[in-house]
Amino acid sequence: MTKENITAEKQFLTPFNVVAGIILLVGAVITILRFTKGIGAVTNLDNNNPWGLWIGFDLMCGVALAAGGYVTSSACYVFGLKKYHSAVRPAILTAFLGYALVVFALHYDVGRPWRLPYPIFYSQGTSSLLFEVGLCVFLYLTVLFVEWTPAAFEWLGFKKIRAWVVRLTMVLTIFGVVLSTLHQSSLGALFQIAPSKLHPLWYSGYLHVYFFISSMFAGMSMVIFEGTLAHKWLHHKMDETHLAEAEGVVLGFGKAASFVMMGYIGIKLIGLAVDNNWHYLTTGWGLWFLVELVGFVLFPAILYGMGAREKNTTFIRIAAFWTVLGIILNRLNISVIAFNYHLPSADRYVPSFMEVGTTIFIVTIGLVVYKFIATRMPILYEHPDYKEHH
Amino acid sequence: MAISRRKFLTSMGAVIGAGTTGTLTKAYGATKTGFKGYPESFGVLHDITRCIGCRKCEQACNDVNKLDKPERPFDDLKVLDQKRRTDEAVYTVVNKFSGTPDVFVKKQCNHCQEPACASACFVKALKKDKTGAVVYDESLCVGCRYCMVACPFNIPAYTYNDPLSPKVTKCTLCLPRIQEGKLPGCVEICPKEALVFGKRKDLIKIAWKRITQSPGHYIEHVYGEHEMGGTSWLYLSGAPFEKVGMREDLGNTPAPELTSGALGTVPIVVGLWPVLLTGVYAISKRKEKIADEERKEAVQKATDLATAEMNKQLSQLKNKLTKEKDTAIKTEVKKALDAAAKKAAEAAKAVEKPLAAEDAADDDTGNEEE
Amino acid sequence: MEFFTLHDFMTYSKGITYLIMGAILVFMPLYWLYLTDRDD
């Protein structure tokens with residue numbers, strides 16, 4: 001007994017917990033500042049730059065990287081690729097946490113967060129793409145929550161209600177794909193209203209298509225990336241099925257991501273051609289655009305492809321991480337870096353330390369909650385009582 | 001009623017057209033002709049060539065809207081040396097553009113005919129009023145600031161330092177004063193008649209009249225007549241607009257049209273995705289079922305074959321065994337008969353010892369026949 | 001219903017479109033059930 005107590009204490013003071021604790025403490029301080037002194041006290045936002053890191057990273061990247069949920073569940077349930085079944089639960093959990101944190105982060109960014117239900121329940125501005133985003137994120141968060149509940153019910157032992165929810169899997173998965181298609185694309189279309197502010201290389205009538213297509217490989221890359229992390233830290237929580245299927249998931253998703261990325265490069269070129277934007281490529285912005293497209297889409301796509309051919313999971317895992325960086329770069333380019341490109345540099349936006357701190361704080365919350373759930377509930381393994389139920 | 005029906009049909013036609021050509025933006029362009037804005041709406045014509053940069057309009061605006069007093073008084077014209085924009089305490093600014101002579105340009109909300117801010121607002125907190133004013137309703141605003149992202153003129157500002165009731169701020173076109181029959185504050189105070197208030201359609205006529213009446217005095221363009229689908233504020237200038245801080249690359253597309261393509265694909269996705277995805281699901285499930293049945297059939301066949309083979313082998317074995325047994329019996333019988341015959345012959349030979357020989361022969365035959 | 005601005009028209013027409021979208025999302029799964037519940 002004493003020995004167990006000692007190990008429990010030791011486990012509590014792990015480097016992870018200490019670092020996370022410090023970050024959460026700093027986050028709490030910023031939170032108090034934000035809600036007592038206002039947005040202006042903690043951010044570098046101004047009247048020319050109303051959207052900063054909190055929208056550009058927490059919302060844009062958060063939603064894109066949480067796309068693993070719909071990609072994995074539709075691959076398994078809709079397209080019948082049953083070999084990805086063990087990847088569904090972790091992907092759903094990450095997606096659910098991702099969206100929950102997006103909504104959480106929005107409470108910091110919008111002026112009056114207690115009015116966030118207004119667009120859905122009180123005054124519907126249906127002409128706005130943000131209405132579309134808000135409605136879909138709200139509905140999809142609900143869908144993801146319901147999709148995640150079987151894990152919680154298994155943990156708690158609620159067999160009947162679990163069986164009832166499991167029966168809804170198909171409908172929920174299809175709803176999830178519909179809602180994801182809509183809000184992933186609408187997030188891109190948000191910027192279509194400002195052609196005079198977003199650099200022409202990034203502005204396009206196809207912006208919504210780009211966002212949707214890139215969300216697919218963002219999701220797949222994130223599933224691989226998180227899988228890599230989970231294997232490192234939560235290996236002991238995985239059952240044999242999960243471990244046996246993991247390599248198949250990595251190889252399959254790597255191959256799929258590679259192909260989708262090549263298609264994405266194709267439609268990006270089409271976008272350049274349609275608006276005849278080639279001449280911008282020789283400018284500084286053009287170079288930056290090529291860094292994004294060649295360095296962070298084409299390069300990882302090829303790396304993925306080689307990995308899939310050679311059955312080299314190391315290549316694929318590097319490519320996945322690289323692609324995640326590329327998605328972050330793309331979303332930040334559109335919402336922050338190439339947005340307001342025409343303003344003099346003195347009027348440009350650079351995030352404040354407290355904005356960065358809040359973002360790190362929110363990501364940390366995500367990690368802590370994921371760890372809490374994955375170490376307790378049947379996420380990375382199948383609950384012995386519910387095997388062969390799929 | 002007839003008009004509205006015609007409009008409705010036009011838009012229906014546009015939607016159908018969009019469905020067939022796949023370009024919703026263009027199709028909405030066709031309906032654009034159906035929407036000309038509120039016919040009796042007001043506007044202001046700003047003749048930039050008449051502005052002397054006295055900042056009286058700024059002061060009037062500050063008074064009318066009861067805004068915070070600025071650090072430097074309104075008669076301090078040194079303020080003009082810096083480029084300024086509207087902010088939470090300033091709904092209008094005059095900027096100076098050096099040249100011979102210096103050019104002064106007033107800046108405030110242009111009250112677009114098709115406001116990008118209103119199109120962007122997801123709670124309908126911004127609306128185009130029939131008077132022409134784009135009005136903001138603080139009681140609905142969530143504070144997402146998408147209107148500020150959307151505004152091509154960078155006008156709306158936000159009270160970032162207010163923790164509990166932050167709001168968007170911008171010129172109201174003095175709507176309360178208009179409703180009382182008064183002029184907007186800035187127009188009323190302008191000493192040089194650089195600002196003219198009136199019906200927008202009349203102002204356009206006045207503007208073009210001035211251009212034609214004073215050749216060479218003005219650039220032949222009324223800024224705001226078509227920009228972003230037209231604005232309630234209209235501008236006349238002697239210098240190119242781009243040179244006096246007014247973007248000429250905004251285009252004439254009304255803001256709602258910019259996003260109509262993406263918005264138009266939304267209902268189509270909802271309509272078709274469930275059909276397609278359920279179809280894919282049904283196909284994959286059917287494939288699985290067929291594969292399952294085939295597997296079962298194959299197993300059945302294999303089992304049948306194996307059973308048949310086994311039965312055959314068994315019967316063969318049985319036959320073989322029976323045959324072997326028969327042969328063995330025959331051989332043994334033959335042996336026994338031979339032996340018996342031999343013994344009989346021996347017995348016949350040895351008649352002098354008949355008893356012993358006969359006993360042995362009987363015993364042997366009995367054993368072999370079993 | 002008369003519209004003076006494209007924005008008003010879109011707010012109205014999209015409002016109805018959203019209602020139809022909701023109806024579709026409810027109806028389609030139910031209809032699929034109707035189609036398939038007698039399958040073995």
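Chain letters run A, B, ... following the sequence lines, proteins first and then strands; every chain starts at 1.
Ring to ring, Y70(A) and H183(A) are not that close: their centroids are 6.0 angstrom or more apart. Ring pair W202(A)/F339(A): centre-to-centre distance not below 6.0 Å.
Looking at D292(B) and K289(B), no side-chain N of the basic residue comes within less than 4.0 Å of a carboxylate O on the acidic one, giving no salt bridge.
No side-chain donor from either of R85(B) and N154(B) sits under 3.5 Å from a side-chain acceptor of the other. For the residue pair N110(B) / Y235(B), a side-chain donor-acceptor distance below 3.5 Å is found, with atom types taken as modelled. Judged purely by distance below 3.5 Å, without hydrogens or angles, the side chains of K268(A) and S214(A) never pair a donor atom with an acceptor atom. When only modelled atom types and interatomic distance are considered, T43(A) and W54(A) share no side-chain donor-acceptor pair under 3.5 Å.
Most heavy-atom pairs under 4.5 Å with chain A: of the set E138(B), E88(B), K285(B), this distinction falls to E138(B). When F35(A), Y206(A), F79(A) are compared by the number of non-hydrogen pairs under 4.5 Å with chain B, F79(A) comes out ahead. The residue among G205(A), G40(A), S128(A) with the most heavy atom pairs within less than 4.5 Å of chain B is S128(A). Residue with the most contacts toward chain B among G134(A), A189(A), P50(A), S127(A): P50(A) (heavy-atom pairs, distance under 4.5 Å). Chosen from N340(A), L130(A), T181(A), the residue pairing most often with chain B at heavy-atom distances under 4.5 Å is L130(A). Top candidate by heavy-atom pairs under 4.5 Å with chain A, chosen from P156(B), P152(B), C144(B), A282(B), is C144(B). The choice from L277(B), I155(B), V149(B) that makes the most heavy-atom pairs within less than 4.5 Å of chain A is V149(B). Between chain A and the options G251(B), A116(B), C141(B), the largest number of non-hydrogen pairs under 4.5 Å is found for C141(B). In terms of non-hydrogen atom pairs under 4.5 Å with chain B, the most contact-rich of A194(A), G188(A), P119(A), G80(A) is P119(A).
In this structure, chain A has no heavy atom under 4.5 Å from any part of A125(B). The contact between T86(B) and chain A is made entirely by backbone atoms, counting heavy-atom distances below 4.5 Å. Using a 4.5 Å cut-off between heavy atoms, C121(B) touches chain A through its backbone atoms (N, CA, C, O) alone. Interface residue T36(A): only backbone heavy atoms are found under 4.5 Å from chain B. Of the atoms belonging to P274(B), heavy atoms from both backbone and side chain fall under 4.5 Å from chain A. Contacts of Q124(A) with chain B are made by backbone atoms alone, with heavy-atom separations under 4.5 Å and no side-chain atom involved. Neither the backbone nor the side chain of F121(A) comes within contact range of chain B, judged by heavy atoms closer than 4.5 Å. Using a 4.5 Å cut-off between heavy atoms, L190(A) touches chain B through backbone and side chain atoms alike. At a 4.5 Å heavy-atom cutoff, F175(A) makes no contact with chain B through either its backbone or its side chain.
Relative to the ring axis of Y158(B), R145(B) places its NZ or CZ within 45° and under 6.0 Å from the centre. Annotation: cation-pi pair K83(B)/F97(B) present, NZ/CZ under 6.0 Å from the ring centroid and within 45° of its normal.
With sequence neighbours left out, H221(B) forms a ring-ring contact (aromatic ring centres under 6.0 Å, His included) with F241(B). Taking the side-chain contact (heavy atoms from CB on, under 4.5 Å) definition, one finds that T172(B) meets it with N65(B), P176(B), sequence neighbours left out.
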